[in-house]
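These notes are about the structure you will find just below.
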Amino acid sequence: MSLRILVGVKRVIDYAVKIRVKPDKSGVITEGVKHSMNPFDEIAIEEAVRMKEKKIAKEIVAFSCGPAQCQETLRTALAMGADRGIHVEVAGPQYETLQPLHISKMLAKLAKDEQIDIIIVGKQAIDDDCNQTAQMTAALLDWPQATSASKIEAKDGSLQVVREIDGGLETIKVKLPTVVSADLRLNEPRYATLPNIMKAKKKPIKKLTPKDLGVDVSPRIQIVTVEEPPVRLAGAKVENVDMVVEKLKALGHA
Amino acid sequence: MVPGFVLRSLHNGRNGYLVFKRLYSWTEQSFPKITTHYTVHPREKDPRWEGVDMERAIDEVDVVIVGGGPAGMSAAIRLKQLAAQHEKEMRICVVEKAAEIGGHTLSGACLELGALNELIPDWKERGAPLHTPVTEDKFALLTEKHRVPLPIFPGMPMHNHGNMIVRLGHFVQWLGSQAEELGVEIYPGIAASEVLYHEDGSVKGIATNDVGIAKDGSPKDTFARGMELHAKCTIFAEGCHGHLAKRLYKKFNLRTECEPQTYAIGLKELWEIDPAKHHPGRIEHTVGWPLERTTYGGSFLYHVTDENKTPLVAMGLVIGLDYRNPFISPYKEFQRWKLHPSVKPILEGAKRIGYGARALNEGGLQSIPKLTFPGGCLVGCSPGFMNVPKIKGTHNAMKSAMLAAESIFDTIYSDVPQETVGINPVVYEERIRNSCVWKELQSVRNVRPSFSSSLGLYGGLLYTGLFYVVGRGKEPWTFTHHGADHRKLKPAAQCQAIDYPKPDGKITFDLLTSVALTGTNHEGDQPPHLTLMDDTIQVKQNLAVFDGPEGRFCPAGVYEYVPTEDGQSKKFQISAQNCIHCKTCDIKDPSQNINWVAPEGGGGPAYNGM
């Protein structure tokens, strides 16, 4: 098999960093804040690279949409084993209203242009938690989808995927071409080691605009306000169940 | 249960041997295996590592620089400038353990512009993030309830006009972008973990950290060996108390003719305050409360801003690590200083947006080691050029790095035959001794030690007033620091515990909330990088004699003594993930049992313009 895989990687605020809301409540502070690749996308890249090592895939294209710094995220993907990168540059206020639907349209267009067999993305991004891109992309392309994948096996023109669902695990078979979204237990991503980081500098990153892909990124939503979650109030300890009921009644909850 | 008691004589203070006794009982549960790092348990003898491919990729460069701070970046820039000037091709690599350049940088900071003006004269046109010139200097003595202003005259170390208040992390980021423009290869997220040597004993370069080692020290599926960077000369710019520098001092006997380095810990917070209270360019320093007369230290409060005129205040407390009372918690001293009636009003209605801590050098001239050795040299705060009374070291760090770069360039391209394969830039030592850096350090060399007499703070202020301001540091004698900081701690039995106020969650905060604000994180499944030479010493000595000082001086809550499961005793617990790479533990551990080594690159704090 010599498939071509397209992997979407998103640059997000590092998960260990404390998020702060902008004083004007228009969004979250990103300037100077440590960013890294969305953890689920690291898993997606790792899965693609493993497929290439097993000779199931022959080329991996990494894709990211966002400001100029997305190139760093793409370089990490290249250092992990992707062959080339595509950066669609969207910055400033347009980036703040970018949604999974826009990304899905870009992925769909690229899948056709680059003759992609499998699209793998992380199941959700840790900043918006949407869990929509894979599903929308599949719908736009009219391709089958295997989301929340925790195991993937390639078998003659189709993939057997174990999905993590609410009730447990579901195993499905999807014909190629297909869209997959990676869940946490799919694999443990490799490190981007220095020799590979150095090699990645020589791998090409193509720069495109949304217009090149025929995608309109004008906002479909308007962000009204962004606020911190309310401060958690202190609780109170009581001695026994009767007192719990008493308190609930006193607070008007029962 | 195995009862045991400790009878130890640990101090050769001026009073001779102090002998004390403490009844303590411990069980087998008191000594779990903590350290699994290969620097303490070599992999060559470890059966789990049998058959693992330990070969490393190798790359040859001209100069490799360990550390991407002000010194490291300045050296890189200077080398590229010289290469361009003389039409030579040089491959310069900088390795930096922080995930992003500037991520581990923390300082006040007040920048003297001399070195920058020399390195990049058009820094303003190039967009250097220096937006806040100093407009006023204030100095005061604090008592518990009052603030006594002390006058500042030109010539005093506290006089700051002409300097810039800077968010050093952003400045370092900018230096990094300047270096990249010149073609320097910068690799953030990569820690230098080992020094490599030629057969003739000269430094060959460095090896970067291995990745994919599990917490128990065994190899994971993701194990990958670090890479070797070989260079004609290696510049070590690790900042205060670098871990590789520590090994180099031993290897090349660099500290035989100087005093041990002495240190302080600096804790810092960044606050966004009410614009009405903001005076950009105002610098305030205090001494006195909450520190005792015999504990060296003081506070800083700088009103800084950025291109958006954000009303920010960088504030903190610096405490000399030669403090004697093991019950001192530098973090809690810092928190309670904010409650002083002269400080608290500024913070009312304000928002804390950053916290961090770092050790800094206080040894000055007396503690500068030999700077060059076959194959490399030391620059910046690593050997230590900080001007302590001025609390400024960035300008000297940069200048030392520039001099080192020039010396390395001249040595590489000179016809003088080298004795070793790794070149030894010996002229660096001579050049820095003839430079403004040395003159400056010479004039302030007696200020810090003058605080160590029994007159404490007042002795220091008096001495500084007479001999630095009036005499310009020309007195013919040089005070000694009287030994390393870790020897200065008194046993707990001889000291009083301190009753610190509880955090109020608005002005003062608990430690773990503060640590969360540093953004620090490390891959959990790796050997703790705070390694103990002997896993039993913390309980047997540090806890028994000093009541566990590391639980108090670590500004990130890494160290705890927790009850054992059987409840009979206590065991030592390391939460390496919290570490913010300040190096205080390696410095102040009275048993010198803690050896800080670099964790997997990319881990550590995520400071933003600290």
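Chain A is the first sequence line, chain B the second, and so forth, proteins listed ahead of strands; every chain is numbered from 1.
Ranked by heavy-atom pairs under 4.5 Å with chain A, the list B/Glu523, B/Glu600, B/Arg56, B/His170 is led by B/Glu600. If you tally non-hydrogen atom pairs under 4.5 Å between each of B/Ala57, B/Ala98, B/Gly212 and chain A, the highest count goes to B/Gly212. Note on A/Glu188, A/Arg190, A/Glu72: by heavy-atom pairs under 4.5 Å with chain B, the leading option is A/Glu188.
Within a 6.0 Å radius of NZ in B/Lys277, more than 12 heavy atoms belonging to other residues, nucleotides or ligands are found. Heavy atoms of other residues, nucleotides or ligands lying less than 6.0 angstrom from NZ of A/Lys18 number 12 at most.
For A/Ile197, the part lying near chain B is the side chain, with the backbone staying farther off; criterion is any non-hydrogen pair under 4.5 Å. Interface remark: B/Gln173 contributes no atoms to any contact with chain A (heavy atom separation under 4.5 Å). Contact annotation for A/Pro23: only side-chain heavy atoms (C-beta onward) come within less than 4.5 Å of a heavy atom of chain B. Proximity to chain A is limited to the backbone of B/Thr520, based on heavy atoms less than 4.5 angstrom apart.
Heavy-atom neighbours of chain A within the stretch residues 603-610 of chain B, taken at a separation under 4.5 angstrom, comprise B/Ala606, B/Asn608. Listed in order of number, the residues of residues 349-358 of chain B that approach chain A to under 4.5 Å between heavy atoms are B/Lys351, B/Ile353. Residues of residues 178-185 of chain B lying under 4.5 angstrom from chain A, judged on non-hydrogen atoms, are B/Glu185 in numerical order. Using non-hydrogen atoms only and a strict 4.5 Å limit, the part of residues 216-226 of chain B facing chain A consists of B/Lys220, B/Thr222, B/Ala224.
Contact detail for A/Lys34 and B/Gly602: the closest heavy-atom pair is NZ-O, 3.5 Å. Shortest non-hydrogen contact noted between A/His35 and B/Glu100 is N-OE2, 3.1 Å.
For the pair B/Leu229 and A/Leu194, the minimum side-chain heavy-atom distance is below 4.5 Å.
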